[in-house]
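What follows is a single structure, written as C-alpha cells, with notes after it.
Numbering starts at 1 and runs along the sequence shown. Start at 1 and go down the list; that is how both ligands and their atoms are numbered.
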Amino acid sequence: MKKLLAMFLALTMTMSLAACGGTASVQSTETPAANVEEAATPAATPTKADDGKLVVGFAQIGQESGWRDAETNDIQWYAARNTDTLQLEFADAQQKQENQIKAIRNFIEMGVDVIAFPPVVETGWEAVLTECKEAGIPVILVDRGVDASCEDLYDCKIASDFIWEGEQAAKVMGDLLGGKGKIVELEGTVGASAATDRKTGFDDYMAANYPDVEILASQTGDFTRTLGKEVMESFLKTYGAEINGVYCHNDDMALGAIEAIKEAGFKPGEDIKIIGVDGVKGAFEAMVAGEMNCTVECNPCLANQIFETAAKLKAGESVEKWVVSIDGVYTSDQAADVIDSRTY
Ligand code: AHR
C-alpha cells in the first residue's frame, strides 16, 4: 500500500509543471519522491551504484506549503535533466524531524556523496550531523538553519536571510499603517529558523522604528494555509475590528488569513493590511485582487546552487559557509506588472 502511495506521489509529481522556470513535465529521477517510511526502512534502502555519478541524498521536510512544493519540484526537475551525471535520493519526512533523521541515516548507510536537507527545526541535530562527519559525508543545509552548537558539523548553508525578510515586512507594515495601529502575527513552525528569525527581524524593527504599532498577539500557524485560517479566526474572535494588520511568516498562512477575514465580514488588504513572506503565485494573485498588500520574497529555486555546491564538496573544494539568496520585496502596486514573470 505504501509502495502504491509512493508511486502515485511520484506520478503526480511528474505531471505537475516543474517550478522555477522549468517548462516541461518530466519523469522526476531514477529515485522518485519516496514516502519517508520507505526511506527510513533499511530493507528499502537503495544501493549506490559505482558509476561515477554525483549521488546526493535530500531529506525534504514535507509538503506544508506551496513554496516547499516549488522547492521540491525544482530539485527533482534539475535531477531529472541531469541523470547522466547525477543520482538524487529523495525522501519526504512528512513534517517530522525524526523522519528526517532516519532518512539521513539511510543516506549514510548507502554511502551517498553529499547529504542535503532543510532542518525542520533548529535544534536536535548534533548526533546525526556528527554521524555524517564521522562517515566523511559533507552536509549542505538548504533553506533553513540549525543552532550554533552545530556550526562545525555542516559544510554549507544555502538559504535566505530571514532576519532581513522580517525587517522588510515590518518596514512595509509600519508605512502602510502610517506608523500607528494594532497588528497580529501568524508565526511559522515552532522552533524553525524561518519562524524564529522572521519574528525577531519583524518585532525588533517594529519596536525600534514604529513604537506606536502594537503587536496584539502572535501565534503559530505552522506555515500551513489551514492553520493560518484557524488562528486568524480566533484572533478575529478576540480582537475583531481592533486589528489593523496581520504579518504572516509565509504566504500560505496569509492566504488562509484572507479567507478568515472575508468570512468575518472585513475587507482583506483594506480594513486589515496583510503581509506575507515567500512570493508564491497565490500571493501575487491576491495582491492583484486587492486582498493582500505585500509579499517578501524567499527564493525556493535552489537546485542549481545545491548540486553545484555538492559537486564541489565531492571534489574536495572549499565552499562558502552561507550562500545567501537574493530576495525582493513586492507590494500590491507592482503585482500586476510582475505576476506573469513569477516562476513559482
Ligand atoms: O524555510 C522556508 C519556509 O518554509 C518557507 O517560507 C515556508 O513557506 C516553508 O514552508
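Distance check, rounded to the nearest 0.5 Å: CD1 of Ile104 to CD of Glu109 gives 14.0 Å.
Atoms of ligand 1 found under 4.0 Å from any heavy atom of Asn250 (numbered from 1 in listed order, with element): 7 (C), 8 (O). Heavy-atom proximity to Ser65, at under 4.0 Å, picks out these atoms of ligand 1: 7 (C), 8 (O), 9 (C), 10 (O). Of all the atoms in ligand 1, the ones that sit under 4.0 Å from a non-hydrogen atom of Ala194 are 1 (O).
Counting heavy atoms from C-beta on, the side chains of Ile115 and Ile108 come closer than 4.5 Å. Taking 4.5 Å as the limit, some side-chain heavy atom of Pro118 sits within range of a side-chain heavy atom of Gln60.
Protein heavy atom nearest atom 1 (O) of ligand 1, with residue, atom name and distance: Asp143 OD1, 2.7 Å. Closest protein heavy atom to atom 9 (C) of ligand 1: Glu64 OE2, 3.4 Å. Counting only heavy atoms of the protein, atom 8 (O) of ligand 1 lies nearest to Asp278 OD2, 2.6 Å.
Ring-centre distance between Phe117 and Trp125: below the 6.0 Å cut-off.
Note: no N/O pair closer than 3.5 Å links His249 and ligand 1 by distance alone.
Without hydrogens or angle criteria, Asp252 side chain to Gly66 main chain gives a donor-acceptor distance under 3.5 Å. The backbone N or O of Gly279 lies less than 3.5 Å from no partner atom in the side chain of Trp67, so there is not a single donor-acceptor pair.
Contacts between Arg198 and ligand 1 below 4.0 angstrom, taking non-hydrogen atoms only, involve the side chain exclusively.
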